[in-house]
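Structure record follows, encoded as C-alpha cells.
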Amino acid sequence: MATLEIRDLHVSVEADNATKEILKGVDLTVKQGETHAIMGPNGSGKSTLAYSLAGHPKYTITGGTVTLDGEDVLEMSVDERARAGVFLAMQYPVEIPGVSVSNFLRTSATAVRGEAPKLRTWVKEVKEAMERLNMDPAFAERNVNEGFSGGEKKRHEILQLELLRPKIAILDETDSGLDVDALRIVSEGVNRVRESGEVGTLLITHYTRILRYIKPDFVHVFSAGRIVESGGPELADKLENEGYESYTKGGVSA
Ligand SMILES: Nc1ncnc2c1ncn2[C@@H]1O[C@H](COP(=O)(O)OP(=O)(O)OP(=O)(O)O)[C@@H](O)[C@H]1O
Ligand SMILES: [Mg+2]
C-alpha cells in the first residue's frame, strides 16, 4: 500500500521581492485506495499544496517533509515524482504548443512506465480511454490544451489519469466549469481509476456537487495555509450549508 505523508509542510513564494508564506504547517496522510476531499476558501493555499507536491519550481519548501512510501518526495525532480506515481491535474491546465495530445500522452506514459508502450496496443488503449470520456478522436491530433474549452481541458486531465494510473492523484478543481453531463463523465473516469484500489486521491473542490459522484472517505477544511478540520463526508454538507466563516472569522483567510 503506497502512502503519501505530508508533515508540517511550510511553503513560500517570492512575490514583489518579498517572501510570502502560504502553507503554514500542512499535515495529511493519503493511502492508496483512499479518497480525500479538500475544501476551503479562495486563496487559502489549496493549489499551492498541489503544486508543491508536484514539484513546481515557483514554490519554496521552507519546512516539513513529504514522503511516498518513506521516500523523500521533496528531494525528487518533477520527472522523478511522476515516475514515483504522483500525478497532478492542474486547476488551470497549460497549453503546450506544437505537441499533440497523442505525442504528449505517449511521452508521459513512456516516462512513467519506464518503457515505450507498444504502438498497436497503445493506440487501442488511448482510443478506448477517449471513448469512455466521450472525447472526439480528433482531439488526439490537436495540440495539448490549445483552444480547448474549459471542459475539454478537464477531460484531457482525466484521460491522462486513466492512462498513467498513478499511486497518488491530486485533482485540483477538476470539476470546475463542467456541465452536468461532463461532470458525470469525468467523475466516472475518476471512479474507474479509484475502483482499481491502487490510487489514493486528493480531490480539491469548492462544490459538494462532485462529491455526489465521487464519495470521499475523508473531508478536510483548508484555511489560511493549513488543514483546520477533518471529518467524514458529512463535513462537506456542513460546509455547503454554513460556509467557511467559522474557520476564517477572527483571522486572516490567506
Ligand atoms: N506564484 C505566486 N506568486 C504570488 N502569490 C502566489 C503565487 N502562488 C500563490 N500565491 C498566493 O498564495 C495564496 C494561495 O493561493 P492558491 O492558489 O494556493 O489558493 P487556492 O486555495 O487554490 O485558491 P482558489 O480556491 O481560488 O483556487 C494566494 O493569496 C495567492 O495569491
Ligand atoms: Mg486553487
Before you tell me yes or no, could you show the steps for Ile170 and Phe87 under side chain to side chain contact (heavy atoms under 4.5 Å, CB included), namely the whole-Å CA-CA distance, both residues' side-chain angles and the distance that decides it to 0.1 Å? CA-CA 6 Å; Ile170 305 157; Phe87 172 84; over 6 Å; no

Could you tell me whether the side chains of Asp175 and Thr205 share a donor-acceptor contact shorter than 3.5 Å? yes

I'd like to know if the side chain of Asp27 reaches the main chain of Asp8, judged simply by a donor and an acceptor atom lying under 3.5 Å from each other, with no hydrogens or angles considered. yes

Strictly by modelled atom types, are Ser47 and Gln91 linked by a side-chain donor-acceptor pair under 3.5 Å? yes

Determine whether Leu49 and Val26 satisfy the following criterion, side chain to side chain contact (heavy atoms under 4.5 Å, CB included), listing intermediate values before the conclusion. CA-CA 8 Å; Leu49 174 64; Val26 177; 4.2 Å; yes

Nearest-0.5 Å distance that lies between atom CZ in Phe222 and atom OG1 in Thr48: 8.0 Å

Quick check against the 3.5 Å criterion: does Lys58 have a side-chain atom that pairs as donor or acceptor with the backbone of Tyr51? no

Stepwise side chain to side chain contact (heavy atoms under 4.5 Å, CB included) test for Leu183 and Val186: CA-CA 5 Å; Leu183 180 67; Val186 158; 5.8 Å; no

Indicate whether any N or O donor in one side chain lies under 3.5 Å from an N or O acceptor in the other, for Glu141 and Ser100. no

We want to know whether Arg194 and Thr201 form a side-chain donor-acceptor pair, criterion being a heavy-atom distance below 3.5 angstrom. no

Donor-acceptor contact present, side-chain Thr62 to main-chain His10, <3.5 Å: yes

Report, as yes or no, whether the 6.0 Å neighbourhood of atom OH on Tyr244 holds more than 12 heavy atoms from other residues, nucleotides or ligands. yes

Strictly below 4.0 Å, N to O, side chains only: are Arg155 and Glu131 in salt-bridge contact? no

To the nearest 0.5 Å, how far apart are CG in Asn103 and OG1 in Thr110? 10.0 Å

Evaluate Ser12 against Glu21 for side chain to side chain donor-acceptor pair (under 3.5 Å), listing each step before the verdict. CA-CA 4 Å; Ser12 295; Glu21 183 173 60; 4.9 Å; no

Interatomic distance, CD1@Ile96 vs CZ@Phe104, rounded to 0.5 Å, equals 4.5 Å

What I'd like to find out is whether the side chain of Asp172 reaches to under 4.5 Å of the side chain of Met90, using heavy atoms alone. no

Where the side chain of Gln32 meets the backbone of Ala2, is there a donor-acceptor pair that is under 3.5 Å apart? yes

Does Glu80 offer a backbone N or O that forms a donor-acceptor pair with the side chain of Ser77 under 3.5 Å? yes

Ring geometry between His56 and Tyr59 (parallel below 30°, tilted from 30 to 60°, perpendicular above 60°): perpendicular

Look at the side chain of Arg81 and the backbone N and O of Val86, then say whether any donor-acceptor pair between them is shorter than 3.5 Å. no

Are Ile204 and Ile168 linked, directly or through intermediate hydrophobic residues, by side-chain heavy-atom contacts shorter than 4.5 Å (ILVMFWY only)? yes

Pair Phe139 + Phe148: ring centers closer than 6.0 Å: yes

With no hydrogens and no angle check, is any side-chain donor or acceptor of Asn145 less than 3.5 Å from a backbone partner on Val94? yes

Can a salt bridge be assigned to the pair Glu162 and Arg132 using a cut-off of 4.0 Å between side-chain N and carboxylate O? yes

Between Asp69 (side chain) and Thr3 (backbone), is there a donor-acceptor pair under 3.5 Å? yes

In this structure, are over 12 heavy atoms from other groups packed under 6.0 Å from Glu75 atom CD? no

What I want to find out is whether Glu157 reaches Lys153 closely enough, with some N-O distance under 4.0 Å, to be called a salt bridge. no

Judged by atom type as modelled, is there a donor-acceptor pair below 3.5 Å linking the side chain of Asp179 to the main-chain atoms of Asp181? yes

So does Arg7 pair up with Glu5, basic N to acidic O under 4.0 Å? yes

When you measure from the side chain of Glu128 to the backbone of Glu125, do you find a donor-acceptor pair of N or O atoms at a distance under 3.5 Å? no

Run His220 and Ser230 through side chain to side chain donor-acceptor pair (under 3.5 Å) and show every step you take. CA-CA 4 Å; His220 308 278; Ser230 298; 2.7 Å; yes

So, are Glu188 and Arg184 salt-bridged, with charged N and O less than 4.0 Å apart? yes

Does a side-chain heavy-atom distance below 4.5 Å link Leu4 with Thr29? no

Do Leu171 and Val190 have side chains that get closer than 4.5 Å, going by heavy atoms? yes

Let me check something: do Val112 and Val126 share a hydrophobic cluster, defined by ILVMFWY side-chain heavy atoms less than 4.5 Å apart, either directly or through other members? yes

